[in-house]
Amino acid sequence: MKTSALTAAKLVAARDLRLAFRKPSQLLQPLLFFMIVATLFPLTLTPELSRLRDAAPGVLWIGALLSSLLALEFLFRDDAVDGTLEQFALSGQSLTWMLFAKTCTHWLLTGLPLALSAPLAALALGVPVQALVSMIAALALGSFALSLVGAICAGLTLGARRGGVLLSLLTLPLSVPILVFGSDATRHAIAGTEIAGPMYMLGAIAVLGVTLAPLAAAAAVRIGLE
């Protein structure tokens, strides 16, 4: 009996989760990088909480973007090296679904922990406690959109030399809308005003990413494997 595309995607996600927990250093690296970047600003910028609070949205979202870039390098690289991606492409299953499962797993292991740990860095930047929940929601949604955009770029740079540099050059311009609306949502949360507008925009970007990114990533990976 042929395995359905959804079942194949679940098997890929389960496999990636098992492999990820065998390499805890890859899980901790983006998280530690984010915390270091975010906590260095209070030491170098100013000790005044009011000024740190003004800079907090930018600091948190730049830190999240850089951490996401660090983690994206591992999204397809190891599977391309050991031939797993080639087996996926030849399996007869939907490569789109399998890469979507890999991208979701990647976000669960990197983006979601980053969003949940962000309050520690946010408090060091003077972000009020009542803004933390909204900030976590914005970071969770934004990091998911970053993973979807990054999956396309990771697929495009699969067979390239110096792929890490090229990955950053491709991902950074495409991430600008996420950065703008994400930091705007955090700024509104800190000010105690309505965050619905920027959150709707982040949600729209994420929905667009779910619709298009897996198809584009699958096409890019097929080209990279040829």
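What's counted below: heavy atoms across the whole structure, side chains too, no hydrogens, waters or symmetry copies. Since the model is a prediction, treat every value here as computed from it, not as a measurement.
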| Heavy-atom closest pair, residues L95 and A89 | CD1-N, 4.2 Å
| message | Using the rule that Ile, Leu, Val, Met, Phe, Trp and Tyr join whenever any side-chain heavy atoms are under 4.5 Å apart, tell me whether L11 and W97 fall into a single cluster. | response | no
| said: Among residues at least two apart in sequence or on other chains, which ones pass salt bridge (charged side-chain N to carboxylate O under 4.0 Å, His left out) with R51? | reply: none
| request: Taking atom types as modelled, find out whether T171 and S168 have a side-chain donor-acceptor pair closer than 3.5 angstrom. | output: no
| Is the backbone N or O of A80 less than 3.5 Å from a side-chain atom of T84, with the two atoms forming a donor-acceptor pair by type? | no
| Hydrophobic cluster membership, F181 vs L172, 4.5 Å side-chain cutoff | yes
Donor-acceptor contacts under 3.5 Å from residues 67-77 side chains, at least two apart:
| unit_1 | atom_1 | unit_2 | atom_2 | d |
| --- | --- | --- | --- | --- |
| S67 | OG | P30 | O | 3.3 |
| S67 | OG | F34 | N | 3.3 |
| S67 | OG | G63 | O | 2.8 |

Can you give me every donor-acceptor pair (side chain of residues 136-153, partner residue at least two apart or in another chain, under 3.5 Å) with its distance?
| unit_1 | atom_1 | unit_2 | atom_2 | d |
| --- | --- | --- | --- | --- |
| S143 | OG | W107 | NE1 | 2.9 |
| S143 | OG | L139 | O | 2.8 |
| S143 | OG | A140 | O | 3.0 |
| S147 | OG | S143 | O | 3.2 |

| query | From L166 CG over to L158 CG, what is the distance, rounded to the nearest 0.5 angstrom? | reply | 11.5 Å
Using a 3.5 Å cut-off and no angle test, enumerate the donor-acceptor pairs between side-chain atoms of residues 188-205 and protein atoms at least two apart in sequence or in another chain.
| unit_1 | atom_1 | unit_2 | atom_2 | d |
| --- | --- | --- | --- | --- |
| H188 | ND1 | T193 | OG1 | 2.8 |
| T193 | OG1 | H188 | O | 3.3 |
| E194 | OE2 | A196 | N | 3.4 |

| request: Hey, could you give me the CZ/CG distance between F21 and D16, rounded to the nearest 0.5 Å? | output: 11.5 Å
| remark: Heavy-atom closest pair (G209 atom, P214 atom, distance to 0.1 Å) is O-CD, 3.3 Å
| said: Under the salt bridge (charged side-chain N to carboxylate O under 4.0 Å, His left out) definition, can you give me all pairs with a residue in residues 172-190, not counting sequence neighbours? | reply: D184-R187
| remark: Residues at least two apart in sequence or cross-chain that pass salt bridge (charged side-chain N to carboxylate O under 4.0 Å, His left out) with D79, listed by chain then number, are R15, K102
| Taking all atoms of both residues into account, what is the closest heavy-atom pair of A64 and L114, and its distance? | CB-CD2, 3.8 Å
| query | How far apart are the closest heavy atoms of A121 and M35, and which atoms are they? | reply | N-CE, 4.0 Å
| task | May I have the step-by-step check of side chain to side chain contact (heavy atoms under 4.5 Å, CB included) for L99 and V12, ending in yes or no? | result | CA-CA 9 Å; L99 296 188; V12 169; over 6 Å; no
| query | Honestly curious: do L19 and L31 fall in one hydrophobic cluster under the side-chain, below-4.5 Å linking rule? | reply | no
| Smallest separation among heavy atoms of L179 and W61, with atom names | CD1-O, 3.4 Å
| How long is the span from the CG atom in L125 to the CG atom in L52, to the nearest 0.5 Å? | 6.0 Å
| Test item: R53 side-chain N/O and V127 main-chain N/O as donor-acceptor pair under 3.5 Å | no
| field | Any L40 side-chain heavy atom under 4.5 Å of L43 side chain | value | yes
| task | Without swapping roles, check the side chain of S183 against the backbone of V180 for a donor-acceptor pair under 3.5 Å. | result | yes
| request: Walk me through it: do L109 and T105 pass the test side chain to side chain contact (heavy atoms under 4.5 Å, CB included)? | output: CA-CA 6 Å; L109 294 169; T105 309; 3.9 Å; yes
| query | Linking I/L/V/M/F/W/Y whenever their side-chain heavy atoms sit closer than 4.5 Å, directly or via other members, would V59 and L32 fall into one cluster? | reply | no
| request: Please report the C-alpha distance between L116 and L112 in whole Å, then the side-chain angles of each, then the deciding distance to 0.1 Å, and finally whether the side chain to side chain contact (heavy atoms under 4.5 Å, CB included) criterion is met. | output: CA-CA 6 Å; L116 294 176; L112 187 58; 4.2 Å; yes
| query | Which atom pair, heavy atoms only, marks the closest approach of M98 to S91? | reply | CE-OG, 3.6 Å
| Hphob cluster co-occupancy, L120 + F41, side-chain heavy atoms under 4.5 angstrom | yes
